[in-house]
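Order of appearance sets the numbers: ligands from 1, and atoms from 1 within every ligand.
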Amino acid sequence: MKHVEFFEELNKEDVAIAGGKGANLGELTQAGIPVPPGFVITSRTYDQFMKETGIFDEIMDILDATDVNNNTELQKAAKDIKKIINETEIPDEIKIIIIESYNALCHRIGKDDAFVAVRSSATAEDLPEASFAGQQDTYLNVKGEDDLLTYVRKCWASLFEARAIFYREENNFDHSKVYIAVVVQEMVEAEKAGVMFTVHPSTGEEKILIEAAWGLGEAVVSGTVTPDTIWVDKQNEEILDYQVSEKNIMFQKDPEAGRTVKIPVPDDLKSKKVLNEEEIAELTGLGKRIQDHYDFPQDTEWAIESGKVFMLQSRPVTTLGKVAGKETGGEEVERVIITKGLGASPGKASGKVKIIKDTSELDKIQKGDILVTVMTTPDMVPAMKRANGIITDEGGVTCHAAIVSRELGIPCVVGTGDATKILKENSVVTLDGNKGLIYKGKIIEEAPVKEVETGGPTVVQQSILTVTEVKVNVSMPEAAKKASETGADGVGLLRTEHMMLTTGVHPKKFIVEGNEDELIKVLVENILKVADAFYPKSVWYRTLDAPTDEFKSLKGGEGEPYEHNPMLGWRGIRRELDEPEILKAEFKAIKKLHEQGYTNIGIMLPLVQHPDELKRAKEIAREVGLKPQEDIEFGVMVETPAAAMIIEDFIAEGLDFVSFGTNDLTQYTLAIDRNNENVADLYTEKHPAVLKLIERVIKECNKAGVKTSICGQAGSMPSIVEKLVELGITSVSANTDAVATVREVVARVEKKLLLKAARKIMQE
Ligand code: PEP
Ligand code: MG
């Protein structure tokens, strides 16, 4: 096997050495299809680089030690391996061959230092035909020997992108038997480009589908623009339909830097047809020739430069046979991963993608659809309830979409970064809310049944008795019944925000317009649903924690100030003390319920950072006739490092309980915005600094007889719960779906502690 092969020397049988992409470019070239000239740095070269430099073993050791289901570990392994490859010098023998081939290509094109595209082309030893499409990198507009070598190494490294590693583990590919070839090809300065399927990609009908946009094809392939869509009858080559779309963005080579840049499409081209009839006819002809050549429907990429059509890639349409198999009740459809994010609410769901840009589009969501949006807002909740699954671009596992989905029992993946761009409206996808993956097509038979109002059956395990109470979190009062069926020992967190947001009116507007009574009525009705479902078990009502960005869309919310970082801004108790009328209305609602006998309701203050805040809130409670710590339980959330570090001062001020809001405590301790998917891999409640703060608070509170609890997401994580029980926490409040597991964990740790104590006594 040679280190480098020019396209003329390759054919479709050469997948093992040139990867699928390289072998096909060779095959097309040999079949006389217009392909920009180029060569392939074969898989042997990659193998030699890995083995000769000694990095192969090092990389395999990292992979062996990595749990790919642990995102932090997976990301770290990918980063470390890529760094090793990118920083390892290419042996001279290989370097010389690559440079000589590049110079030969430049000579052929007739330019010194020609611009080339450098594309990776993966292949597996046992299964060379396996599809690794889209998993490895492509670099455009690379020029000169040094850059070429840099990007070749980057292509090799791209074999170890986190999602590629994950994909191989999921599909049982041996990492050591997957190779990568690199295609180096003359760069086409495309004025227009796109993709072409030689049959209907999902039904297999004899129609050609062309998607076209301005500039380089990346815009279409990456889904950055909605391209023009053209359907052509394959028999008579008649244009059946031409849908022109608005194309706002295009990719081009920056003439100065030589790199690819994303630029706005000139106004006169935005809504103009990309392809004329001759170009469509030429593409159709080429499509038919390519399909005939391979004797199988093809999925191709094309580009047009100075009126000349080039084919850049061709591969078999992979969806066809699989879809047919499914229809005939055959094997499960192949799992093609489209994108990946963070698993935020467990379960799998499939349905039609509906991309929601703003709330005016919510009606698009029909029962069973998949709601895809940048980030959910509280006014999307009714549509979220109709959806089978939820996918967001932004957010971490404690963002709004995540919290609400968990409570609704709807599978959810957050923080994909690109779902609204990559997923196509009305296409069918399946999401896996455990693994955080989005697959093409429907890969499960039925979506999980979910009925929030009536509540599906929930595992009730009252037979397990624990001393440490296991409570549940409630954000939507309509989910209270389902939450209570878990047999939880109470509600460790009743969030208020949702109650307020469902009114569609900013709470301040009620007050300003003299409608305090109405606000109190809304609160009473909602809190009652929860207090009633759990009576006589305690329900800790958390006073309003209203971030300015979330409340802006409400009627009367126009005046919400713009904040650069709402997470560090005007929210929680600090805001309520500035707007005491709202806090007072909340306290009055609770007072009313107490008078009706619902004395199981306690009060919890969010985001405190100084005991003065507790003091002032208690004074306001007294003003409305409540008696904190006498006739009503009063406590604070520990969500700031400040509160944790001076918890003694809060205890001295007087309180019945504290509850760890680890979602916030983690973000404030680690300086990691909990809603920012770019730093989500660093976000962990298990960070020693977070655990240290928790430990000191539990110790101090236990000394003073103050109850401790947890209501952040970490309260649903077995490994953290285990630690908290060992530290002596009084209760743990989990999400509805996690209560049963958490109860088992608590029971097991308690038994373990008892056993340990008993053994110690026996030894003495
Ligand atoms: C927390 O911060 O952990 C918490 C429970 O509050 P929220 O998620 O509502 O900010
Ligand atoms: Mg919080």
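If you number the atoms of ligand 1 from 1 as listed, the ones under 4.0 Å from a heavy atom of I403 come out as 8 (O). Short contacts between ligand 1 and R571, defined as distances under 4.0 Å to a heavy atom of the residue, involve ligand atoms 10 (O). Numbered from 1 in the order shown, with element, the atoms of ligand 1 that lie under 4.0 Å from a heavy atom of M637 read 4 (C), 5 (C), 6 (O). Close approach of ligand 1 to G661 (heavy-atom distance below 4.0 Å) involves ligand atoms 1 (C), 2 (O), 3 (O). Atoms of ligand 1 found under 4.0 Å from any heavy atom of L493, numbered from 1 in the order shown, are 5 (C). Of all the atoms in ligand 1, the ones that sit under 4.0 Å from a non-hydrogen atom of D664 are 1 (C), 2 (O), 3 (O), 10 (O).
Using a non-hydrogen distance threshold of 4.0 Å, N473 does not register as a contact of ligand 1. Put simply, no part of E685 is less than 4.0 Å from ligand 1, judged by heavy atoms.
Comparing C711, S475, S733, A714 against atom 5 (C) of ligand 1, the shortest heavy-atom distance belongs to C711. Proximity annotation for atom 10 (O) of ligand 1: of R674, R495, M567, E497, R674 comes nearest, heavy atoms only.
Atom 6 (O) of ligand 1 has its closest protein heavy atom at R542 NH1, 2.9 Å. Of the protein's heavy atoms, E639 OE2, 2.8 Å lies nearest to atom 2 (O) of ligand 1.
Of the heavy atoms in L665, none comes closer than 4.0 Å to ligand 1. With a 4.0 Å cut-off on non-hydrogen atoms, M604 does not touch ligand 1 at all.
Using modelled atom types, one side-chain atom of N526 and one backbone atom of V522 make a donor-acceptor pair closer than 3.5 Å. R575 contributes no side-chain N or O that, together with a main-chain N or O of D545, makes up a donor-acceptor pair within less than 3.5 Å.
Distances from the Mg ion (ligand 2) to the N/O/S atoms of D664 are shortest for OD2. Looking only at N/O/S atoms, E639 comes nearest to the Mg ion (ligand 2) through OE2.
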Evaluate side-chain hydrogen bond (donor to acceptor under 3.5 Å, both in side chains) for S405 paired with S345, printing each intermediate quantity in order.
CA-CA 6 Å; S405 306; S345 176; 5.2 Å; no
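Looking only at atom types and distance, the side chain of E750 has a donor-acceptor partner in the side chain of T468 under 3.5 Å away. Side-chain contact, T548 with E563: a donor N or O sits under 3.5 Å from an acceptor N or O. Looking only at atom types and distance, the side chain of Q713 has a donor-acceptor partner in the side chain of N735 under 3.5 Å away. Judged by distance alone, the side chains of S709 and S733 never bring a donor and an acceptor atom under 3.5 Å apart. If you check the side chains of S538 and N600, you find no donor sitting under 3.5 Å from an acceptor. When only modelled atom types and interatomic distance are considered, S475 and E407 share a side-chain donor-acceptor pair under 3.5 Å.
Using cut-offs of 30° and 60° on the angle between ring planes, the pair W540 and F657 is parallel.
At a 3.5 angstrom cut-off on N or O pairs, Q713 does not count as close to ligand 1.
Considering D578, D549, D664 in turn, D664 is the only one that fulfils the salt bridge (Lys or Arg N to Asp or Glu O under 4.0 Å) rule with R571.
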